[in-house]
Protein chains: 2
Amino acid sequence: MSVSIKDIAKAAGVSPSTVSRALRDHPRISQQTKEYICRLAVEMGYTPSAVARSLVTRRTMTIGLVLPSVSDPFLSQVVLGVEEVALDNGYRVFLCSFYNDPVQERSIVEAFLEHRVDGIVVTSSRLDTAYTALQEQLGIPIVLTNCREYAYSVSTDNLHGGRLAVDYLLQLGHTRIGYIATDPQKQANRSRLAGYRQALQERGIAFDPALVGVGDGRAEGGKRGMQQLLALNPPPTAVFCYNDMTAIGAAAALREAGLRVPDDVSLVGFDDIDWAAYSNPPLTTVRQPRRELGRRAMQMLLELLAGEESPTKVVLQGELVVRASCRPLWG
Amino acid sequence: MSVSIKDIAKAAGVSPSTVSRALRDHPRISQQTKEYICRLAVEMGYTPSAVARSLVTRRTMTIGLVLPSVSDPFLSQVVLGVEEVALDNGYRVFLCSFYNDPVQERSIVEAFLEHRVDGIVVTSSRLDTAYTALQEQLGIPIVLTNCREYAYSVSTDNLHGGRLAVDYLLQLGHTRIGYIATDPQKQANRSRLAGYRQALQERGIAFDPALVGVGDGRAEGGKRGMQQLLALNPPPTAVFCYNDMTAIGAAAALREAGLRVPDDVSLVGFDDIDWAAYSNPPLTTVRQPRRELGRRAMQMLLELLAGEESPTKVVLQGELVVRASCRPLWG
DNA sequence: TTCGTCACTGCAAACGTGTGCAAGATATCC
DNA sequence: GGATATCTTGCACACGTTTGCAGTGACGAA
């Protein structure tokens with residue numbers, strides 16, 4: 001079918017090994033033959049077979065990036081960060097999304113293993129702890145981002161981020177503050193909630209479980225969560241959302257209820273996805289260093305690939321980005 | 001390093017070929033040995049090598065999906081559609097994004113070729129026409145979505161979609177209608193603009209080049225494009241945007257100028273990304289059958305893989321989704 | 001002339017798996 | 001009991017590369 005190194009060898013009247021060396025610019029091949037063979041290769045439409053190469057070299061120079069969903073706007077910059085440093089070091093990165101389904105996540109990791117990627121980065125895992133058990137078995141390094149349950153991981157300080165958001169709302173005079181959560185199993189959710197509780201506690205405000213609505217990390221869930229909070233009497237005057245997507249949904253629920261942001265309810269998100277600055281009103285949120293998250297994850301993976309004992313568990317700090325979705329309680 | 005079929009063979013006291021057959025559930029292997037070997041395989045932590053397998057079978061059972069950007073919300077459903085039918089047919093799909101850079105796009109296609117994927121789907125190509133030249137050389141089937149310049153492609157009828165949007169605005173009484181474009185090289189942009197012009201022409205409204213603002217398909221560009229249109233005297237009373245992201249930016253520009261949607265300016269988008277229904281106000285837009293786009297693309301690829309002569313150039317119709325971002329001119 | 005050196009190139013094995021063919025073992029039939 | 005059919009397994013080669021080592025020829029030096 002496709003032309004191989006042997007075909008070129010035959011055409012050039014040399015051995016396959018010479019062709020291989022010529023194409024890889026081996027020093028002990030004469031300049032003349034190199035040029036001849038390279039010309040022949042393009043003429044014949046030769047495309048080297050990475051699969052044959054990997055079989056003998058035992059490395060693929062690829063890394064697998066597994067993500068919960070391609071549509072997740074939070075991930076775009078993370079992916080960029082990963083690819084950036086991967087490419088700089090000669091690695092290709094292939095993505096695969098598991099649609100927030102732990103079964104698919106597992107299956108994707110296995111597919112990557114079968115294809116013998118040199119390393120794996122997984123973002124926002126649904127399996128988290130399971131990797132510790134897998135670690136030995138899989139034989140290649142793997143680092144998680146947005147998850148601190150695993151030995152090699154890089155994430156943002158969610159507790160600190162939660163405090164940032166809620167402290168800000170408290171500072172504006174709000175005392176009845178809601179939280180719209182996501183899947184309570186997610187460690188990120190637990191930490192942000194912990195930050196929320198901690199901030200309240202320091203002001204001597206008792207934690208009221210009724211004030212935490214349940215979402216799913218997406219707009220739909222945010223809407224439901226907000227509706228849940230609006231049914232309270234009285235409803236909260238400010239709401240901290242698990243992430244920006246949740247805030248999108250929350251804002252829609254408020255609009256449908258005839259309420260306005262920030263006049264009636266103040267809103268704080270998390271992530272600072274691209275959309276946040278363009279929303280109506282622009283969303284106050286806790287920015288995650290998304291690109292840096294990706295860069296650091298890939299750097300850690302490179303260190304592991306090089307056999308270095310890498311610093312485990314990098315934790316980055318987020319920062320509050322104040323826009324227009326909050327107002328003082330008695331302004 | 002990792003355990004191979006030979007290791008299992010040695011441990012079981014049989015030949016490698018027996019192990020290979022046992023694991024693949026070959027009918028001519030006794031049930032007893034099959035069970036024994038399978039058990040041994042999991043005990044020893046065996047992971048089959050897709051690369052060795054592909055080398056001999058000459059297929060990888062993977063397809064490469066190349067996209068402009070993971071952050072593009074339009075693509076999420078397209079990807080889902082592709083994966084859906086790919087998985088159903090035993091294919092894995094690996095993604096790679098080229099960040100809207102034709103050079104990277106080319107490089108990714110080559111990487112996929114080297115890794116011997118069985119087929120390639122590319123969405124929103126920057127290379128479009130170049131593939132016709134490549135076609136022969138690459139030796140595997142490749143189908144494009146969102147691009148009609150190539151023999152095998154599936155896309156939405158952009159001209160029809162543009163008409164849908166502008167006809168609607170005309171129907172509401174608007175006559176001074178703007179268009180915020182993206183990169184004029186993009187064929188989708190040209191077609192939507194053509195739909196815009198055609199709709200105007202049929203109502204006897206002369207095309208005014210000043211009424212087309214220049215964006216970039218993202219929020220930033222939409223903002224700039226809108227600012228450009230607002231500088232006109234008089235500004236348009238309604239604006240059709242190349243896509244929803246552009247509309248996001250346009251809305252932000254209007255808000256900053258102290259104008260309101262739809263009271264001061266009506267807005268129509270294109271794509272119907274998930275966000276559109278949640279925006280403030282909810283965005284009227286032309287829905288693309290995104291998931292179907294992906295499904296059809298992958299189906300076409302499967303037909304090509306099977307050697308069938310596939311119907312070339314599938315064109316799907318979009319539909320107008322009326323929400324709250326438009327109002328009658330004299331309401 | 002002979003030997004050593006140097007610059008190139010080829011041989012052959014290996015990577016881990018799949019598969020056609022033949023061979024061995026066992027059962028079946030006459 | 002021998003021939004034949006059936007079931008199970010092994011041999012050997014192939015896939016397309018890379019790479020250590022040996023080999024070839026030319027050329028200069030002794």
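First the proteins, then the strands, lettered A, B, ... as listed; each starts at 1.
- Residue B:V51 is classed as having no contact, given no heavy-atom separation below 4.0 Å to the nucleic acid.
- Within a 6.0 Å radius of CZ in A:R106, other residues, nucleotides and ligands contribute 12 heavy atoms or fewer.
- For the pair A:S54 and C:dC15, the criterion of a side-chain N or O lying under 4.0 Å from OP1 or OP2 is not met.
- One finds a salt bridge joining B:D274 and B:R290 here, because a Lys/Arg side-chain nitrogen approaches an Asp/Glu carboxylate oxygen to under 4.0 Å.
- Applying a 4.0 Å cut-off to non-hydrogen atoms, the residues of residues 19-30 of chain B that approach DNA chain C are B:S20, B:R21, B:R24, B:R28, listed by residue number.
- Put simply, the side chain of A:D118 never gets that close to the backbone of A:I63: no donor and acceptor are under 3.5 Å apart.
- The distance from atom CD1 of A:I5 to atom C1' of D:dT18 is 8 Å, rounded to the nearest whole Å.
- Straight-line distance from the CE atom of A:M61 to the C1' atom of D:dT18: 15 Å, rounded to whole Å.
- Taking B:F112 as the reference, A:F94 meet the ring-ring contact (aromatic ring centres under 6.0 Å, His included) condition, with sequence neighbours excluded.
- Taking the charged nitrogens against the carboxylate oxygens, B:D25 and B:K34 do have a contact shorter than 4.0 Å, which makes a salt bridge.
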Please tabulate the protein-to-nucleotide N/O contacts below 3.5 Å involving nucleotides 24-27 of chain C, giving atom names and distances.
none

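- What separates CD1 of B:I37 from P of C:dT17 is a distance of 13 Å, to the nearest Å.
- Within 4.0 Å (heavy atoms only), B:P16 reaches no atom of the nucleic acid at all.
- Residue B:R21 is tested with B:V14, B:I37, B:I29 for a side chain to side chain contact (heavy atoms under 4.5 Å, CB included); the sole match is B:I29.
- Using modelled atom types and a 3.5 Å distance limit, the side chains of B:N146 and B:T123 yield no donor-acceptor pair.
- Evaluation of atom-type donor-acceptor distances gives a pair under 3.5 Å for the side chain of A:S17 against the base of C:dC11.
- Along DNA chain D, the nucleotide nearest to A:R53 and the one nearest to B:T18 differ in position, and the one closer to the 5' end is contacted by B:T18.
- Rounding to whole angstrom units, CD1 of residue B:I8 and P of D:dT9 are separated by 16 Å.
- The side chain of A:Y36 places no N or O atom within less than 4.0 Å of a non-bridging phosphate oxygen (OP1 or OP2) of C:dT9.
- DNA chain D is contacted by both B:L55 and B:S15; B:S15 maps to the nucleotide lying nearer its 5′ end (nearest heavy atom per residue).
- Phosphate contact (OP1/OP2 of C:dT17, side-chain N/O of B:S49, threshold under 4.0 Å): absent.
- Counting to the nearest Å, the C1' atom of C:dA12 and the NZ atom of A:K6 are 12 Å from each other.
- Regarding A:K10, its NZ atom lies at a distance of 20 Å from the P atom of C:dT9, rounded to whole Å.
- For the OP1/OP2 pair of D:dC15 and a distance below 4.0 Å, the side-chain nitrogens and oxygens of B:T57 include no atom meeting the criterion.
- Side-chain contact, B:R92 with A:S107: a donor N or O sits under 3.5 Å from an acceptor N or O.
- Using modelled atom types, no side-chain atom of B:D271 and backbone atom of B:I273 make a donor-acceptor pair closer than 3.5 Å.
- Rounding to whole angstrom units, CZ of residue A:R58 and P of D:dT17 are separated by 19 Å.
- Atom C1' of nucleotide C:dG16 and atom OH of B:Y46 are separated by 8 Å, given to the nearest angstrom.
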